[in-house]
A.B. asks: 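The structure under discussion is supplied below as structure tokens; questions concerning it will follow.
Computation of the quantities below employed the complete heavy-atom set of this structure, encompassing side-chain atoms and omitting hydrogens, waters and symmetry-equivalent molecules. Quick note on labels: first sequence line is chain A, next is B, and so on, each numbered from 1.
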Amino acid sequence: MAKQKVLDANGFRKFGMIDCVAYAAGDFGCNMSFALKSTLVIFWTQFMQMGSELYALLLIVVQVWDAINDPLIGSIIDADKRKYKRNKFLSYMWFGSIGLIVGGALCFLPFPNMQMWAKCVIFIAGYVIWDAFYTIANVPYGSLLSLISNEPADRASLSAWRSVGSMVGNMVPMVILPMIIYDANQNIIGSRVFLAALIMGVLGFVAFQFMIKKTEIRNDISITLNEEKPKMNVLKAMGNFLKNRPAVGATIAAMGMFLGMQGGTAAVTVLFQSFFKNVQISGIVQVFAMLPIILFTPFARKMVVKFGKKELSVIGSLCSIVACVLMLVIRITPDMKGIVVYVVCQLLNSLGIGIYSTVSWSMMGDAIDYNEWKTGSREEGTVYSLHSFFRKLAQGLGPSLVLVVMGWLGYNEYMGGNQTFAVSLNLRYLVAILYLVSALFQFIGLALIYNLDKKTLTRMNLELAERHAKAKAELGAEVDVKAVEDAPEVLDEGGQA
Amino acid sequence: MKKFLTLLVTLVLCMACFAGCKINRKGEVSVLWSNLSDSTVVELADSMDRSMYLNRLDYTHYDAEGSAERQMNQLNDVLREGATAVIVNAIEPLDVASMISLAKSKNVPIVFIESEVSESDLASYDKAYLVNSSADYSGEYIAMVKAYLNEEKGTFKKEKANLKKLDSNEDGKISVFADSEVNFVVDGIDADFDIIRADAIAYNGDVELIITKSDERALEVLLELRKNGFNKTELETKFVGLFTVGMDLNAGPVIDDGKERTGKDAEDYANKLKHYSIMNAIDDGFINGAVVLDDDTITGEICSILAKHYKDKPIDASKKNVSVKYTTYGVSIA
């Protein structure tokens, strides 16, 4: 006898575990593609033998495309008013997932003997195509949550399971990939990276298909991906943004965070290749370093309520500073003992970064409230846009800048994973300094510029609540007056009003 | 909270200051190399950097640029300037006795690396040591080729995939040619595998496995093989097994496609060729393996002797004259 579907009051499949797992599968699918991004720099410099400076330049070019890509594809999807059999977003995700089967692999075509101009063309074309398909799949995915359920509890579950999907999609390749794409002599095997990208593309496709098949659209409302924004005067917007201290502080902190996280990828990989001579365990080390933040997240809310967001984030940044100073001054030897010391420092550092990252977006929300508090105007769109812009700038410029610095410190891509010890020692210090600079940025942004401590935040929220209540009351009184004025004349039997 | 933060910041600043107070012991050990233009010596020097760092020894490299006279002058200078230990990659064996005398007069330990030193010279000073690679690499060479032929691959069904790959004519036998100096390798594998000894290399696939005496010779053979369409890509089906001793030669000619290039392209390509070594050729599968100096063990032994000396710990008599076995690259031997 066929299993009977349990239906809710509106005739849809009752929300349950299958919805959560299906939604998680979507982010897993996205990460099957995204997880390889950190391998790009080593693949293109060491295997494809593209000069570091040239690669750094091309990276900036594609990052600019990356910034344009999201709103562009968002607009295309918004402009599409056709009727779809199931749902527009699911259809776009289906299309994106097909492209992603090969999209990721296009960034890793293993032809090291091509002419340099051909390599440049392939890099840019491959990245653009991959990025486009990724965005077509990923952008609608984010909005899907509100179509699956209206219930806040359901949405909270979906959000939590999304993180699970993201974590699994990130961690599994992070651990496994270094073990298979590097040979015993720490050199990257280009053909294996290409194959891994193809396999991950297929796995991602399967995950997406599962998600699409099992997703029940209970709330088929029209969602616009790109909010219609009033025309923005860029200079004025920038001026207002710079006057918003919390926004500036939170942005500097975020830029610092990405500078360390994204910028350090190449340096950390070469550190494991040439200094520790054990690149195969680099993935396990990175996953292990994420443990503190995973353990901290369940307590984040309570800690924020008790200490305040700014206070907690400042402690986090100080924690990172201590970790990075330790990483810089403690003797880290090129053996297993040194790896252990490095891991301990990274555990502490990632705890610090993680504390900030759990509250970073809500701090931006407070910055927008601050704007309203001080000027009477929220300028939500502008503040978020500029914050996102600077975040992307750091994500884009960070890896390029670090690659150039690596070149100055003697990194020679032609030597692959076997840089001289002197160069690998330079990179050992570069990694520590990079993370330290990142932590200092966070400290400066949060402790010295961001000025919404717990007391001030409480005062601001109270005053804003009073203003809103007053405005509501005034609006209500206006409505009453207007209602009386507009009401038709009521005449008595004598014809008097 | 404020007290905690103040304490934390103070602690951090103290640590930073402490870091700045590191005692400078630079130049304590002087390392005198024969010629840092020689790729073998460069590899040893790089390994020395790693071993010195691991053992917390401060040191300075000196390059004699192939001149025995310059090396003697360097030794005189460093001893006069107060070096507390000396490592010498001696150019001229006849100078060794004088070097030991000089070191003895300053009561400074002297360790020879990859040098020709007689037993009597070594015995003349209790703080004179010798660390060399073993003269005999036959065991490692035979073990390497055996390990390659015995290697089992396969996801579901394990088979000796390399043996199968070499047997291009599928007659169940492997035709082997070895340079006369390394004929012992063929003797070594004879009992374990069905082999046919070839008297000369025929670059037409008749010879399925070639054992060479040096990286220079391996490079010559590889270039000929590639001219005849063999060993051109990692996955090439036309493949002849090739092993060598040493991998310090530049193998750029192997991959040079001879195409005309201009500007940055030419510069990048020249760089690529310059840095393409026998090691890279092994990584890319054009050469299967090499028997090589175990640089890390050699320099590790030296640093361990000096570390004990600095800690006034007794140094075992067996460390007076250390012979380090060769290791392999490309194929692991147990």
A.B. asks: Please tell me if the side chains of A/D183 and B/D283 come closer than 4.5 Å, counting only heavy atoms from C-beta onward.
C.D. replies: yes
A.B. asks: Could you tell me which portion of B/M48 (side chain, backbone, both or neither) has an atom closer than 4.5 angstrom to a non-hydrogen atom of chain A?
C.D. replies: neither
A.B. asks: How are the rings of B/H275 and A/Y414 set relative to one another: parallel (under 30°), tilted (30 to 60°) or perpendicular (over 60°)?
C.D. replies: parallel
A.B. asks: Could you have a look at B/N271, B/N280, B/I255 and say which one has the most heavy-atom pairs with chain A under 4.5 angstrom?
C.D. replies: B/N271
A.B. asks: As an exercise, state the distance from CG of B/D49 to CG of A/L425, rounded to the nearest 0.5 Å.
C.D. replies: 9.0 Å
A.B. asks: Report yes or no: is the cationic atom of A/R428 (NZ for Lys, CZ for Arg) under 6.0 Å from the centre of the six-membered ring of B/Y53, at an angle within 45° of the ring normal?
C.D. replies: no
A.B. asks: Should the heavy atoms of other residues, nucleotides or ligands under 6.0 Å from CD of A/Q115 be counted, would the total exceed 12?
C.D. replies: yes
A.B. asks: Taking the side chain as C-beta and beyond, is there a heavy-atom pair between A/K277 and B/R50 under 4.5 Å?
C.D. replies: yes
A.B. asks: Side chains of A/M116 and B/R261, heavy atoms from C-beta outward: is any pair under 4.5 Å?
C.D. replies: no
A.B. asks: Would you compute the distance between atom CG of B/L54 and atom NZ of A/K337 and round it to the nearest 0.5 angstrom?
C.D. replies: 9.0 Å
A.B. asks: When you compare the side chain of A/N418 with that of B/M279, does any pair of heavy atoms fall below 4.5 Å?
C.D. replies: yes
A.B. asks: Going by side-chain contact (heavy atoms from CB on, under 4.5 Å), name the residues that satisfy it together with B/N162, two or more places apart in sequence or in a different chain.
C.D. replies: B/Y148, B/E151, B/K153
A.B. asks: Side-chain donor-acceptor contacts of residues 434-443 of chain A below 3.5 Å, not counting sequence neighbours, with atom names and distances?
C.D. replies:
unit_1, atom_1, unit_2, atom_2, d
A/Y435, OH, A/Q346, NE2, 3.3
A/S438, OG, A/G256, O, 2.5

A.B. asks: Check whether B/Y276 gets within reach of chain A through its side chain, its backbone, both or neither, counting any heavy atom under 4.5 Å.
C.D. replies: neither
A.B. asks: Ignoring hydrogens and geometry, is there a side-chain-to-backbone donor-acceptor pair from B/D46 to A/F421 under 3.5 Å?
C.D. replies: yes
